[in-house]
Amino acid sequence: MNRIYKAFENKKAFIGFLTAGDPVIDKTVDYILDMEEAGASLIEIGIPFSDPIAEGPTIQEANVRALKNKVTTDDVFEMVKKVREKSDIPLCFMTYLNVVFHYGYDEFFKKCQEVGIDGIILPDLPYEESQEVKDVCYNYDVTLISMIAPTSKDRVEMIAKEAKGFIYLVSSMGVTGTRDNTSFANNLEEIIGHIRQVTSTPVAIGFGINKPEQVKEFKQYADGVIVGSAIVNIIKEHGDHADLPLKEYIQSLTEQL
């Protein structure tokens, strides 16, 4: 059975993101296990891609570092297998349609099922063109996660009605990256209200969250929060150092949930 529901079961979810293969693929396994130990409910794994259009400089640079290390999609699948030897935490890929298309839809999602990937987020896949991907990934029990942006007001109910797993609510316009409180859209609670009129699918807010006070604010009306760039920054700054403060940082956030 798909594990995504476990991330939101009787609790607010903390969802952490990292780029596979940054700085090296073997360390990605350790980072995922550290994140789980620190209280993460679900992990998003970025598959390195040369043109990650939804990402800001922090995650773009992580993609570049991984690609320079010649990390491939098959390497990422092998890494996930190693995680699954030690953990049952829900796992989702976050990548771009070209990665999946180039690999082959059936082969990609079959591989996801084999290694234990529960969901996928494709920021560059428009809702109107998502059905062919959705049909294939659902055949292999992989959930296509829907994204809703602050400007999606007229489309919120349409997207939310069909959403499975969880809904990724984008906190603000633009690309990923840490933000201060003034940079978030001021209608997120209203959008969640519209979503909850048509579905019970959990809603997690992402793009820019990096501080305990932000987590404390968003947990009041969202079912979870997503933190990415701040985690990637810690990995970049500390790399292989034994004193990597990843667990301490995530614990400071999960304590607010």
Side-chain angles (χ1 to χ4, degrees), residues 1-20 28-47 73 76-95 99-100 108-123 125 133-134 136-148 160 162-170 176 195 199-207 209 215 218-219 222-228 230-232 235 246-247 249-251 253-254 256-257:
M1 179 180 290
N2 195 296
R3 286 166 282 251
I4 291 176
Y5 78 93
K6 292 182 179 179
F8 300 89
E9 195 172 35
N10 302 317
K11 64 181 183 297
K12 301 285 185 174
F14 180 90
I15 299 172
F17 168 90
L18 81 175
T19 301
T28 305
V29 176
D30 296 334
Y31 298 151
I32 290 173
L33 297 175
D34 284 348
M35 291 162 72
E36 180 181 21
E37 187 177 335
S41 311
L42 183 150
I43 307 294
E44 292 178 9
I45 301 169
I47 299 177
T73 302
V76 179
F77 280 129
E78 288 300 313
M79 180 276 298
V80 173
K81 285 174 65 176
K82 293 178 182 178
V83 173
R84 281 286 173 244
E85 291 172 1
K86 300 180 179 180
S87 173
D88 198 42
I89 189 170
L91 298 174
C92 292
F93 278 149
M94 186 166 185
T95 189
V99 173
V100 183
F108 183 89
F109 291 115
K110 179 182 178 182
K111 197 78 172 179
C112 286
Q113 185 181 49
E114 289 173 355
V115 303
I117 288 292
D118 303 293
I120 189 167
I121 304 161
L122 297 167
L125 177 63
V133 178
K134 192 179 298 184
V136 181
C137 67
Y138 285 177
N139 286 341
Y140 295 101
D141 196 25
V142 177
T143 301
L144 180 62
I145 304 300
S146 298
M147 300 185 80
I148 291 177
E162 296 186 16
K164 305 292 183 183
F166 71 94
I167 293 169
Y168 192 128
L169 178 57
V170 178
T176 59
I195 291 170
T199 184
S200 59
T201 301
V203 182
I205 299 176
F207 275 47
I209 299 171
V215 173
F218 289 135
K219 78 163 186 183
D223 300 296
V225 297
I226 304 166
V227 176
I231 291 172
V232 173
I235 292 172
L246 183 58
K247 286 196 284 189
Y249 172 67
I250 290 177
Q251 286 168 347
L253 301 179
T254 56
Q256 302 302 318
L257 291 172

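As the structure is a prediction and not an experimental result, all values here were calculated from the model.
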Does [X] reach the side chain of [Y], with side-chain heavy atoms less than 4.5 Å apart?
X: E78; Y: K81; result: yes
X: I15; Y: F8; result: yes
X: Y168; Y: I226; result: yes
X: V100; Y: I120; result: yes

For [X], side-chain hydrogen bond (donor to acceptor under 3.5 Å, both in side chains) partners two or more places apart:
X: T201; value: T199
X: T73; value: none
X: D30; value: none

Using atom types as modelled and distance alone, determine if a side-chain donor or acceptor of [X] lies under 3.5 Å from a backbone N or O of [Y].
X: K6; Y: P90; answer: no
X: D118; Y: C92; answer: no
X: D223; Y: V203; answer: yes
X: N2; Y: D141; answer: yes

Going by the rule side-chain contact (heavy atoms from CB on, under 4.5 Å), which residues pair with [X] if we only count those two or more places apart in sequence or in a different chain?
X: K164; value: Y138, T143
X: S146; value: I159, A163
X: C112; value: F77, F93, F108, F109, I117, V142

Can you tell me how far apart [atom1] ([X]) and [atom2] ([Y]) are? Round to the nearest 0.5 Å.
X: I89; Y: R84; atom1: CD1; atom2: CZ; value: 8.0 Å
X: M94; Y: L122; atom1: CE; atom2: CG; value: 9.0 Å
X: K111; Y: Y140; atom1: NZ; atom2: OH; value: 13.0 Å
X: L18; Y: T28; atom1: CG; atom2: OG1; value: 5.5 Å

Of all heavy-atom pairs between [X] and [Y], which one has the smallest distance, and what is that distance?
X: C137; Y: L144; answer: SG-CB, 3.8 Å
X: V76; Y: I47; answer: CG1-CG1, 4.2 Å
X: V80; Y: L91; answer: CG1-CD1, 4.0 Å

Please assess M79 against I32 for the test side-chain contact (heavy atoms from CB on, under 4.5 Å), listing each intermediate value before the final yes or no. CA-CA 10 Å; M79 180 276 298; I32 290 173; 3.9 Å; yes
Taking it one step at a time, do K86 and D34 satisfy salt bridge (charged side-chain N to carboxylate O under 4.0 Å, His left out)? CA-CA 12 Å; K86 300 180 179 180; D34 284 348; over 6 Å; no
For [X], give me all partners under salt bridge (Lys or Arg N to Asp or Glu O under 4.0 Å), at least two apart in sequence or on another chain.
X: K82; result: D26
X: K12; result: none
X: K110; result: none

Which pairs would a plain distance check flag for residues 35-46, meaning a side-chain donor or acceptor within less than 3.5 Å of a matching protein atom at least two apart in sequence or in another chain?
unit_1	atom_1	unit_2	atom_2	d
E36	OE1	S87	OG	2.7
E36	OE2	S87	OG	3.3
E37	OE2	K247	NZ	3.3
S41	OG	F14	N	3.2

Stepwise side-chain contact (heavy atoms from CB on, under 4.5 Å) check, Y31 with T19: CA-CA 10 Å; Y31 298 151; T19 301; over 6 Å; no
More than 12 heavy atoms of other groups within 6.0 Å of K11 NZ: yes
Mind checking ring pair (Phe, Tyr, Trp, His ring centres under 6.0 Å) for Y249 and listing every partner two or more places apart, or none if nothing turns up? none
For F17, all residues meeting ring pair (Phe, Tyr, Trp, His ring centres under 6.0 Å), sequence neighbours excluded: none
